[in-house]
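First up is the structure itself, then whatever we jot down about it.
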Number of protein chains: 2
Amino acid sequence: MDTITTSAQEGTLPFAGHTDVTVTDHVAGRCQAVNDILARVGDKWSMQVVMVLADGPVRFNQLRRAIDGISQRMLTRTLRALERDGLVSRAVTPSVPPRVDYSLTELGRSLREPVLALGSWAMANRETIDAARTEFDRRAI
Amino acid sequence: MDTITTSAQEGTLPFAGHTDVTVTDHVAGRCQAVNDILARVGDKWSMQVVMVLADGPVRFNQLRRAIDGISQRMLTRTLRALERDGLVSRAVTPSVPPRVDYSLTELGRSLREPVLALGSWAMANRETIDAARTEFDRRAI
DNA sequence: CCGCATCCAGCAGGATACTG
DNA sequence: CAGTATCCTGCTGGATGCGG
């Protein structure tokens, strides 16, 4: 069994307003949570799943087909991680064959907004970024 | 020499408004850029660097000390990746000893806003998430 | 249909030592 | 001071096969 406890890469993110604390470094303990979320948002499949789920409940294999390239294993793992964080809920219909629907929780839906903001930024600046990369690579030969 | 070309995990993010396209899947080529950015934002050190750089130019070892736990190697790699994407600029003062200042570009500064939005979301919901995790782990024994 | 277990390649990322 | 080079480890994530 693959444990999923979310490696939760430790470290801190000095978020605005670390008006300086006397102890360790900056707010340390508290905004490590931010890094945690960033890691989940940044992983290969999480946000793709969230975006597909945005339109309503979707079954496992629908999800699998909707997200091009994802393996069964990774879909399961991603869904479990999202479920563990309370972003996705899992509804089992004990029929034959079994039916499992996944949907966003209220928390999951609330995450869409900031992620979409980031997505808009990415779309708005992708050409600039591509140009910067090309230029950087050209100068490095 | 470690190449840095940003593994750019391929895949697509079906962003709002994929009113369905006839071809491959969803917008495919275009919003793969979003995943790309998400990966950079989600990696272990990038955003910590960006946040420290927010206050103005910072030298290499200042950065190293400011970001607790980062290795020299990873700081270099992270800075190169950010520089390649046009988010950070590098200014060398050829003195003895050498001095190198890193600062955010305009693009880099513009990234702070959506990332801070995500950070606020994380801070606002971290207790809910922690509770969800504890509950999930409890039920799984 | 849903999902777990196993095996395996590749890369992220840490520690260390060495240069201009 | 600001890196680069080398080595080594553990996790991520893909492929495949089995079970309820």
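Just so you know, these numbers come straight off a predicted model, no measurement behind them. Just so it is clear: chains get the letters A, B, ... in the order the sequence lines come, proteins before strands, and each one is counted from 1. In what follows, every heavy atom counts, from backbone to side chain, and hydrogens, waters and symmetry copies are set aside.
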Report summary line: Contacts of B:Arg109 meeting salt bridge (Lys or Arg N to Asp or Glu O under 4.0 Å) (sequence neighbours excluded), chain-then-number -> B:Glu106
Requested in this report: Output the distance between atom CG (B:Leu75) and atom CG (B:Leu63), rounded to the nearest 0.5 Å.
Outcome: 5.0 Å
Query raised in the report: Can you list the residues that meet the salt bridge (Lys or Arg N to Asp or Glu O under 4.0 Å) rule with B:Glu127, with sequence neighbours excluded?
Result: none
Query raised in the report: Sequence neighbours excluded, which residues qualify as salt bridge (Lys or Arg N to Asp or Glu O under 4.0 Å) partners of A:Arg99?
Result: A:Asp101
Report task. Round to the nearest Å and state the distance from A:Gln62 atom CD to C:dC1 atom P. Result -> 11 Å
**Report entry** Side-chain N,O (B:Tyr102) to OP1/OP2 (D:dG3) below 4.0 Å
**Finding:** yes
Requested in this report: Could you tell me the separation between the CZ atom of A:Arg77 and the P atom of D:dT12, rounded to a whole number of Å?
Outcome: 6 Å
Query raised in the report: Of the candidate nucleotides C:dA12, D:dA2, C:dC2, which contains the atom at the shortest distance from the side chain of A:Pro98?
Result: C:dC2
Query raised in the report: OP1 or OP2 of C:dG3 sitting under 4.0 Å from any side-chain N/O of A:Arg64?
Result: no
Report summary line: Between B:Arg112 and B:Met51 the two heavy atoms that sit nearest each other are NE-SD, 4.3 Å
Query raised in the report: Residues in salt bridge (Lys or Arg N to Asp or Glu O under 4.0 Å) with A:Glu113, at least two apart?
Result: none
Show each protein N/O and nucleotides 14-17 of chain D N/O combination with a separation under 3.5 Å, one pair to a line.
| from | atom 1 | to | atom 2 | distance (Å) |
| --- | --- | --- | --- | --- |
| D:dG14 | OP1 | A:Lys44 | NZ | 2.7 |
| D:dG14 | N7 | A:Arg73 | NE | 3.4 |
| D:dG14 | O6 | A:Arg73 | NE | 3.0 |

Query - Proximity to the side chain of A:Arg80 - top-ranked nucleotide from C:dC4, D:dG3, D:dC1 - result: C:dC4
Query - Angle between terminal axes - the helix from C:dC1-D:dG20 to C:dG20-D:dC1, 5 pairs each end, rounded to 10° - result: 40°
Query - Check ion pair A:Arg133-B:Asp36 (N to O, under 4.0 angstrom) - result: yes
Report summary line: In whole angstroms, the gap separating C1' of D:dG20 from CZ of A:Arg99 amounts to 19 Å
Query raised in the report: Looking only at atom types and distance, does a side-chain atom of A:Ser95 sit under 3.5 Å from a main-chain N or O of A:Pro97, one as donor and one as acceptor?
Result: yes
